[in-house]
Amino acid sequence: MKNNIYSTLDLSKSLLHFQEKVTKLLESTNISEFDGILLKVGEKEIRESALILAGECIALLLNNLSKSQEFLDKAMHQTQGWWHNKTQKHGCKKRQILTVGNVEVTLKIPYVVERQNQPNKHKNKQSLHEGFCPFLRYLGMSEGLTPVVLSTVAQYGAIAGSFEAARTTLIDWGINISLKRIERLTYYFGKIGIDLRKNKLNDLESGTLSNLNTLKDQRVVIAADGGRTRIRINKKGRRKVKTNRHGFVGEWIEPKLLTIYVVNEQGKKIRTRDIPVTSDGTYEGYQGFLKILEMYLVNLGISQAKEVLLIADGAEWIWIHIPPLLKKLKCPTETYQLLDFYHAASHLQDFADAAFSTNNERQEWFKKGRKTLKKGRTLDLIRNMGEFILSATGERCKILVRERNYILKAYRRRLLKYNEVVSKKLPLGSGAVESLIRQVVNLRMKGNSKFWLKDNAEIMLHLRCQWIAGSWDNFCDSIFNSFIKPINA
């Protein structure tokens with residue numbers, strides 16, 4: 001499906017063409033030679049024909065809507081928020097819209113512009129500024145694509161391993177647009193999502209952020225962690241003579257990610273439309289991260305939760321800043337803070353590796369220490385670790401002290417209450433956010449040869465978080481709702 005197909009705007013003709021093509025495939029005469037390869041070819045041809053038929057139907061629907069004065073008046077009314085004082089109607093313009101199956105339809109629809117009196121170098125006259133078609137703005141088609149095509153382009157542009165891989169997949173599903181356009185539309189779509197998030201942050205600061213009570217009487221888990229991405233930072237000074245460009249350096253920056261989800265009484269994660277998983281992240285440092293986390297917690301109604309568990313690894317910024325935030329938001333009395341058990345256990349393994357010379361001794365002590373930690377007898381474990389330190393010297397002693405102090409510090413912060421958390425059937429590990437980092441950051445955004453502009457990295461991080469959380473449809477709905485009126489209106 002390589003070239004655009006101009007719509008016939010004739011449903012009977014489209015159905016007849018589809019029937020003829022599919023009937024020919026179904027009436028195959030070489031049954032004896034049929035195999036998996038021929039079936040695959042037939043499947044592709046039937047899928048392509050079906051996509052073209054779907055595109056023809058959508059094109060016909062759009063054509064009918066564009067000729068309905070009632071709908072045109074509705075679109076004009078629903079987009080009034082985009083108008084300015086001097087915005088006026090400016091006749092009709094022809095616009096091409098691409099639907100699924102690479103079917104293109106031309107619509108003649110009303111156009112409005114903002115008129116301003118500006119002096120011209122040669123003569124004073126009224127100049128026209130860029131306008132828009134209310135019909136397209138209302139339906140989210142200002143970019144010349146139907147809503148499904150636009151959201152699908154952004155989806156594959158975000159979740160694929162590269163924009164090249166996204167284009168290959170999109171062509172297979174009847175969307176053939178250029179690589180640069182896929183990249184531009186992905187960032188365009190994601191930028192709107194970032195702007196909507198900023199609006200919520202502004203509402204939080206002004207005290208007008210809505211409380212959805214999604215977490216009312218629920219058992220909530222909050223997990224946070226960080227990844228790594230190389231961000232492009234332009235060098236100062238003049239541009240290079242040969243390339244006319246500034247040089248740049250790649251600086252490793254930590255994106256901070258969060259995931260908020262609900263578990264049932266058995267400790268299993270709940271993922272429904274009414275109780276979705278919330279995931280997001282930012283490159284704006286811990287302060288920007290805390291604002292985003294607070295916004296989501298307030299919006300979801302964390303103060304109405306039944307139980308709350310904050311779980312993470314040993315990163316200092318998490319345990320210094322997030323617990324006070326939870327206190328500020330008046331989380332329930334049954335709020336637990338927990339160091340990821342498997343992260344703590346890895347430090348016990350490092351301690352055992354330094355304390356013993358044989359593998360059997362290491363594994364025996366590690367298993368015993370891990371069991372002691374899980375049962376909540378942390379003081380006994382710390383005392384036992386201290387005994388090994390007394391007889392150690394040199395570099396070995398430094399390693400033992402370092403690993404013991406890690407456990408001791410977590411104990412003093414009351415982050416090792418594993419026995420209590422187990423009794424409540426809440427998770428002991430932060431695997432949810434670690435998996436999020438792997439899928440969102442590592443599989444697309446992390447790499448020695450990858451250098452991201454910070455704004456593009458923020459957009460890609462946001463988009464991929466929505467997809468991994470399973471909230472892509474809700475995210476797209478919010479995007480298309482924002483087209484009805486200006487985001488800042």
Listed by chain and number, what are the salt bridge (charged side-chain N to carboxylate O under 4.0 Å, His left out) partners of R413, not counting sequence neighbours?
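Listed in chain order: E316.
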Where do [X] and [Y] come nearest, in terms of heavy atoms and distance?
X	Y	answer
Y188	L150	CE2-CD2, 4.4 Å
L463	G190	CD2-CA, 3.7 Å
L416	I407	CD1-O, 3.5 Å
C465	L257	SG-CD2, 4.1 Å
P427	Y261	CG-OH, 3.7 Å
T186	A158	CG2-N, 4.0 Å

Taking [X] for the side chain and [Y] for the main chain, is one N or O donor matched with an acceptor at less than 3.5 Å?
X	Y	result
R232	L453	no
S162	A165	yes
N299	S210	yes
W452	K446	no
S478	F475	yes
S471	N474	no
R396	A354	yes
K44	D172	no
R444	A160	yes
W472	Q155	no

Side-chain touch [X]/[Y], heavy atoms, less than 4.5 angstrom:
X	Y	value
D280	H462	yes
D340	D225	no
K371	K375	yes
M460	T229	no
V100	V149	yes
D313	I318	yes
E458	T282	yes
N102	N4	yes

Going by an N to O cut-off under 4.0 Å, is there a salt bridge joining [X] and [Y]?
X	Y	answer
K454	E251	no
E143	R184	yes
E183	R167	no

[X] atom [atom1]: more than 12 heavy-atom contacts under 6.0 Å:
X	atom1	answer
Y411	OH	no
K269	NZ	yes
I37	CD1	no
K368	NZ	no

To the nearest 0.5 Å, what is the distance between [atom1] on [X] and [atom2] on [Y]?
X	Y	atom1	atom2	result
K198	L201	NZ	CG	9.5 Å
K367	Q349	NZ	CD	10.0 Å
L300	M295	CG	CE	9.0 Å
S303	K328	OG	NZ	13.0 Å
N211	L297	CG	CG	11.0 Å
I389	I399	CD1	CD1	11.5 Å

Verify side chain to side chain contact (heavy atoms under 4.5 Å, CB included) between I468 and S279, making sure each step is shown before the conclusion.
CA-CA 8 Å; I468 300 302; S279 297; 5.9 Å; no
Near-ring test W173/Y156, centroid separation under 6.0 angstrom:
no
Residues L215, V262; criterion side chain to side chain contact (heavy atoms under 4.5 Å, CB included); working and verdict
CA-CA 8 Å; L215 302 180; V262 171; 3.7 Å; yes
When you measure from the centre of the six-membered ring of F289, is the NZ or CZ of K256 closer than 6.0 Å and no more than 45° off the axis?
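No, K256 does not lie over the aromatic ring of F289.
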Which residue pairs pass the side chain to side chain donor-acceptor pair (under 3.5 Å) test when at least one of the two sits in residues 418-428, sequence neighbours left out?
E334-K424
Have a look at F366 and tell me which of R362, E364, Q363 forms a side chain to side chain contact (heavy atoms under 4.5 Å, CB included) with it.
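Single pass found, and it is Q363.
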Describe, in one word, how the ring planes of F480 and F483 are oriented to each other, choosing from parallel (under 30°), tilted (30 to 60°) and perpendicular (over 60°).
perpendicular
Let me see the working for R228 and V441 under side chain to side chain contact (heavy atoms under 4.5 Å, CB included), right down to the final yes or no.
CA-CA 7 Å; R228 292 185 79 204; V441 180; 6.0 Å; no
Sequence neighbours left out, cut at 3.5 Å: what donor-acceptor pairs do the side chains of residues 377-385 make with other protein atoms?
unit_1: D380; atom_1: OD1; unit_2: R383; atom_2: NH1; d: 3.3
unit_1: N384; atom_1: OD1; unit_2: W365; atom_2: NE1; d: 2.7

Begin with the C-alpha distance, continue with both residues' side-chain angles, and end with the deciding distance and a verdict on side chain to side chain contact (heavy atoms under 4.5 Å, CB included) for I58 and V103.
CA-CA 9 Å; I58 297 167; V103 176; over 6 Å; no
